[in-house]
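Each remark here refers to the structure printed beneath this line.
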Amino acid sequence: MAADWLGSIVSINCGNTLGVYQGCVSAVDLINQTISLSQPFHNGVKCLVPEVTFRAGDISELKILEIPSESLKYTSDQLNDHSTGFGYLPTRQQNGTGKQKQTAAHNSAQNIPGQEEPSSTSPQPCSKSFVDRHNEAVNQPKNFRRRHNSLGSSSSRYPNQVTPKKSGTKNGQLKARDDECFGDELEEIPDTDFDFEGNLALFDKAAVFEEIDTHERRGGGGTRSRGTPNERPPTYRHDENILESEPIVYRKIVVPQSGGQEYCTDSGLVVPSISYVLHKKLLCVAEKHGLSVERRLEMSGVCASQMALTLLGGPNRLNPKNVHQRPTVALLCGPHVKGAQGISCGRHLANHDVDIILFLPNFVKMLEPVTNELNLFCQTQGKQVSSVKDLPECPVDLVINCLDCNENAFLCDQPWYRAAVDWANHNRAPVLNIDPPVGDHVQGIHAKWSLELGLPLALGEQAGRIYLCDIGIPQKVFREVGISYHSPFGCKFVIPLHSM
């Protein structure tokens with residue numbers, strides 16, 4: 001009995017997990033309750049293996065699509081042509097019609113579209129042979145879109161996914177919408193491109209503008225000319241003043257004698273340079289009015305330390321999370337007032353958790369401002385050295401240079417001075433000058449930044465970028481030495497200057 005079904009074309013539904021298989025019955029084992037299919041197809045895609053075996057417990061539904069006959073011959077190409085559906089129609093070697101037989105146990109409730117209810121014992125003729133369907137496909141127009149049977153999956157994008165059956169009013173409505181949208185033949189689409197120039201020529205600009213002007217005249221819109229927009233009130237940015245102000249004057253500092261160079265701030269204010277003689281006179285008059293050397297040292301030390309902290313990285317470098325990366329600063333100071341300014345800067349930096357190494361040569365007698373600042377510095381965690389050999393060999397984060405002074409030019413010939421200059425130039429760390437000298441004095445250390453006090457001096461190229469700090473000189477003191485002064489600092493105590 002089982003051998004009678006060998007060679008039959010069947011469709012086995014194994015549920016949503018395993019999917020649907022089609023193929024030719026190659027073996028039936030009644031003892032083990034298994035069935036084998038040769039040349040199998042899984043969900044419409046040909047399997048890579050030549051044979052698949054199923055257990056009876058895995059089979060949900062079995063359909064016999066075709067019974068073998070001596071006059072029929074199946075080929076793999078014919079199975080490929082019908083792999084998208086469940087029906088496999090063979091090709092006769094002679095003219096005739098294929099026959100199909102279904103079992104009543106599995107197909108009493110379902111009929112294949114286009115076929116009559118078959119008997120459980122006698123085979124019924126198929127509605128159309130493979131040759132007839134092939135001829136119909138050849139005679140169809142090129143733009144014909146084939147619609148596959150809903151019982152099988154026709155998707156090549158998801159070969160392992162079983163397409164569920166669609167039924168109900170909602171699916172019918174969706175199908176009707178698809179037919180309405182995509183059911184038109186492609187031959188109805190025009191082949192010619194859209195004529196933009198011809199369509200634009202249909203638009204009469206003159207007539208439209210004349211109609212607009214006529215409408216504006218009737219509505220009292222004024223005598224606005226064509227194409228001219230209506231005047232709108234001016235708009236202002238959030239940082240602009242809506243009140244009318246006087247013209248901006250950028251030259252608010254006038255000196256009796258220029259130092260030979262002019263600078264400008266970020267806002268465009270002009271800051272002229274002054275000579276060393278006028279600068280010394282300005283400091284002397286300020287000291288006479290109460291701005292003592294100690295106050296000046298404190299102000300210059302605070303401004304220089306603020307600039308140094310910014311150069312070292314600011315809050316990104318100096319915070320409690322970076323205790324292991326404390327910056328190191330080397331201070332090179334001479335035995336004069338400008339050296340005392342550097343010591344004051346080092347004291348403020350040490351108070352901000354910066355490792356300070358102060359180089360100051362040994363002298364039998366020093367100036368009182370230097371001694372006072374040195375005593376304050378010794379109360380910090382900073383380190384003081386008197387020999388260049390004690391300076392670090394590895395590069396530091398910043399070098400602050402306060403070795404040079406206009407009054408003591410002979411210091412440049414001292415061995416300790418030349419050794420300190422050589423160490424700074426070979427350390428490869430950026431250098432900040434505080435109140436560098438001018439004139440014929442040649443600086444041995446090439447600086448990246450230079451900080452001036454009050455008003456700038458005419459510095460050379462070795463000074464690097466110029467910055468100006470406010471040391472608290474009153475405006476009337478400038479007026480007393482013949483300088484018409486207006487503060488260029490704004491909300492800051494240290495500002496950059498740019499050459500003009």
Side-chain angles (χ1 to χ4, degrees), residues 255 259 273-308 329 331-351 356 358-380 382 384 400-411 417 432-439 441 443 450-457 459 467-483 485 487 489 493-494:
V255 296
S273 63
I274 59 177
S275 61
Y276 173 72
V277 176
L278 184 58
H279 192 272
K280 185 177 180 179
K281 182 180 178 181
L282 177 63
L283 296 180
C284 291
V285 174
E287 185 177 355
K288 183 182 67 174
H289 287 283
L291 186 61
S292 61
V293 177
E294 289 77 10
R295 287 189 175 183
R296 191 170 76 239
L297 293 178
E298 191 68 19
M299 284 297 301
S300 61
V302 170
C303 293
S305 61
Q306 287 182 352
M307 180 177 178
V329 176
L331 272 168
L332 306 180
C333 300
H336 38 68
V337 176
K338 294 190 177 183
Q341 294 175 354
I343 300 174
S344 175
C345 174
R347 171 168 55 88
H348 289 289
L349 290 177
N351 292 336
I356 301 297
L358 171 62
F359 169 77
L360 181 66
N362 288 327
F363 280 85
V364 178
K365 186 177 181 181
M366 294 186 183
L367 298 176
E368 183 179 359
V370 179
T371 305
N372 295 335
E373 290 295 334
L374 187 59
N375 292 334
L376 287 174
F377 178 81
C378 292
Q379 304 303 317
T380 65
Q384 179 189 357
I400 298 179
N401 177 28
C402 298
L403 293 174
D404 302 296
C405 180
N406 285 335
E407 288 84 1
N408 301 329
F410 66 91
L411 295 177
Y417 180 90
L432 169 63
N433 281 340
I434 298 179
D435 196 13
V438 293
H441 186 87
Q443 302 179 27
S450 292
L451 181 63
E452 296 280 6
L453 310 181
L455 283 177
L457 304 176
L459 301 178
Y467 285 79
L468 186 66
C469 71
D470 185 10
I471 58 175
I473 301 177
Q475 188 174 9
K476 291 185 178 180
V477 175
F478 287 97
R479 191 184 307 169
E480 188 172 346
V481 296
I483 300 176
Y485 180 81
S487 176
F489 294 97
F493 282 88
V494 180

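Numbers for residues simply follow the sequence, beginning at 1.
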Output a table of donor-acceptor pairs, distance under 3.5 Å, between side-chain atoms of residues 361-375 and any protein atom two or more places apart or on a different chain; print 'none' if there are none.
{"unit_1": "N362", "atom_1": "ND2", "unit_2": "S386", "atom_2": "OG", "d": "3.3"}
{"unit_1": "T371", "atom_1": "OG1", "unit_2": "L367", "atom_2": "O", "d": "3.1"}
{"unit_1": "N372", "atom_1": "ND2", "unit_2": "E368", "atom_2": "O", "d": "3.2"}
{"unit_1": "E373", "atom_1": "OE1", "unit_2": "R347", "atom_2": "NH2", "d": "3.4"}
{"unit_1": "N375", "atom_1": "ND2", "unit_2": "T371", "atom_2": "O", "d": "3.2"}

Is any side-chain heavy atom of L331 closer than 4.5 Å to one of L349?
no

Test: salt bridge (charged side-chain N to carboxylate O under 4.0 Å, His left out). Region: residues 279-297. Which pairs qualify, not counting sequence neighbours?
K288-E480

Give the table of side-chain donor-acceptor pairs shorter than 3.5 Å for residues 336-343, with sequence neighbours excluded, one pair per line with atom names and distance.
{"unit_1": "H336", "atom_1": "ND1", "unit_2": "G339", "atom_2": "N", "d": "3.1"}
{"unit_1": "H336", "atom_1": "NE2", "unit_2": "L403", "atom_2": "O", "d": "3.0"}
{"unit_1": "K338", "atom_1": "NZ", "unit_2": "D435", "atom_2": "O", "d": "3.1"}

Just so I know, are the side chains of L411 and C405 near enough to count as touching, which here means a heavy-atom distance under 4.5 Å?
no

Heavy-atom check, side chain of D404 versus side chain of Y417, under 4.5 Å
yes

Minimum heavy-atom separation for N406 to P437, with atom names?
OD1-CB, 2.7 Å

Please report the shortest heavy-atom distance between L432 and S450, naming the atom on each side.
CD1-N, 4.3 Å

Locate the shortest heavy-atom distance separating C333 from L360; write the atom from each residue and the value.
O-CD1, 3.6 Å

Please examine the side chains of I356 and T380, heavy atoms only from C-beta on, and report whether any two atoms are closer than 4.5 Å.
no

Can you tell me which residue among V255, V285, L455 is in a side-chain contact (heavy atoms from CB on, under 4.5 Å) with F478?
L455

Can you see which heavy atom on L457 is nearest to which on S273, and at what distance?
C-CB, 4.0 Å

Who pairs with V302 by side-chain contact (heavy atoms from CB on, under 4.5 Å), at least two apart in sequence or on another chain?
E298, Q306, H348

Heavy-atom pair with the smallest gap, counting every atom of F489 and L468
CE2-O, 3.4 Å

Sorted by chain and number, sequence neighbours left out, side-chain contact (heavy atoms from CB on, under 4.5 Å) with C469 holds for C303, L451, L453, I471, V494

